[in-house]
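Here is the structure we will look at.
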Amino acid sequence: MKIATWNVNSLRVRLPHVLTWLDAEQPDLLALQEIKLPDPDFPAAEFLQRGYQLAFSGQKTYNGVAIVSRTPLTALQTEIPAFSDPQRRVLFAETGGIAVLNLYVPNGSEVGSEKYFYKLAWLKHVCEFIRTLLAGHPRLVVLGDFNIAPADADVHDPGAWVGQVLCSAPERAAFASLLALDLVDCFRIFPQPANSYSWWDYRASGFQRNLGLRIDHILASMDLAAKCRACRIDRVPRTWERPSDHTPVIAEFGD
DNA sequence: ATGGTGGCGCGGCCA
């Protein structure tokens, strides 16, 4: 089973990229973030034509998440229990014998800002949600744009990023508390090229200079992590014309 | 270089 995550920064703009990439990579499941369109505008036909099924929780202008899957998507949830949030950042589904939680973690803007504290509160509630999900779903994947670089190895210039949003100690502690639920960062199961990143700022030629961060992740429960056969970042879509600032992360699971 | 680019939508917010 081949599973991927991609923050597309507007599905309307990126639809040709997403379809080209699906046709080339043929994943069983793709989790999308920042689709930035309301549910009635979701471009469903192009996915259905390709034999994919859909679930989405959209929002006009900002946020919005979706799951594209070869197998039927059931038991959908779009809310974090006991955490009221109008922002569409969460999509849970069961499919193909596993459970999937697609997350678009708040960016946090700037350490100490209102958005930063919203991010930390959001992560705390999501952590409790995942704890509950794991109790009922031993085969769980949590994936998406976490907006956290877990370690200095995930940062092009750790010195410049010390204490900055996406890298601050409270954010990294929140990420560690997710792993402490017994989730595994699939990317780090395997040896990886140095300077592997999933996001590059549009500004200052960030991609051309590989000034990136690894902030998009695929976390697997212990049962699933034991079946993980590969995990990689696909930089190719970031080289295409008018790209998203993120590129896909892919994990493959065996029997 | 307190800049820079991109999406949304048409001024300013968000990333």
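All figures in this text were calculated on a predicted structure; none of them were measured in a lab.
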Check: Is any side-chain N of the basic residue among A:R88 and A:E79 closer than 4.0 Å to the acidic one's carboxylate O?
Finding: yes

Next item on the list: Check every atom of B:dC8, B:dT5, B:dC14 against the side chain of A:S10 and return the nucleotide holding the closest atom.
Entry: B:dC8

Item checked: Interatomic distance, A:W200 CH2 vs B:dG6 C1' [rounded to whole Å] -> 16 Å

Next item on the list: Provide, to the nearest angstrom, the distance between the CG atom belonging to A:L37 and the C1' atom belonging to B:dG9.
Entry: 15 Å

Next item on the list: Determine the interatomic distance between P on B:dG9 and the same-named atom on B:dA15; round to the nearest Å.
Entry: 15 Å

Checklist line | Stacked cation flag A:R70 on A:Y52, 6.0 angstrom / 45 deg | finding: yes

Next item on the list: Tell me whether the OP1 or OP2 atom of B:dC8 has a side-chain N or O from A:K60 closer than 4.0 Å.
Entry: no

Margin query: Here's a test of your reading of the structure: between A:R203 and A:I35, which maps to the more 5' nucleotide of DNA chain B?
Written below: A:R203

Check: Counting side-chain heavy atoms from C-beta on, which of B:dC14, B:dA15, B:dC8 comes nearest to A:Y62?
Finding: B:dC14

Checklist line | Nucleotide nearest A:R89 (side chain, heavy atoms from C-beta), chosen from B:dC8, B:dG7, B:dA15 | finding: B:dA15

Margin query: Tell me if the aromatic rings of A:Y197 and A:H246 count as close, with their centers under 6.0 Å from one another.
Written below: no

Check: Between A:Q87 and A:N9, which is nearer to the 5' end of DNA chain B once each is assigned its nearest nucleotide?
Finding: A:N9

Next item on the list: Please tell me which of the listed nucleotides, B:dC14, B:dC8, B:dG7, lies nearest to the side chain of A:R242?
Entry: B:dG7

Checklist line | Separation between the C1' atoms of B:dG4 and B:dC14, rounded to whole Å | finding: 16 Å

Next item on the list: May I have the distance from A:D216 (atom CG) to B:dA15 (atom P), rounded to whole angstrom?
Entry: 15 Å

Next item on the list: Send over the distance from A:Q33 CD to B:dC14 P, rounded to a whole Å.
Entry: 20 Å

Next item on the list: Step through the shown structure and confirm whether more than 12 heavy atoms of other residues, nucleotides or ligands are within 6.0 Å of CD on A:Q208.
Entry: yes

Item checked: Value in whole Å for how far the P atom of B:dG7 lies from CG of A:L11 -> 13 Å

Notebook entry, point to check: Rounded to whole angstroms, how far apart are CG on A:D201 and C1' on B:dG4?
Noted result: 8 Å

Notebook entry, point to check: Under 4.0 angstrom, heavy atoms only, what part of the nucleic acid is A:Y104 near: base, sugar-phosphate, or nothing?
Noted result: sugar-phosphate

Notebook entry, point to check: Is A:K124 salt-bridged to A:E171, going by a charged N under 4.0 Å from an acidic O?
Noted result: no

Notebook entry, point to check: For A:L211 and B:dA15, what is the distance between atoms CG and P respectively, to the nearest whole Å?
Noted result: 22 Å

Note to self: Rounding to an integer number of Å, can you tell me how far A:H246 NE2 sits from B:dG6 P?
What the structure shows: 15 Å

Check: Taking the same atom, P, in B:dG3 and in B:dC13, what whole-Å distance lies between them?
Finding: 16 Å

Check: Taking only side-chain nitrogens and oxygens of A:T61, does any of them come within less than 4.0 Å of OP1 or OP2 of B:dG9?
Finding: yes

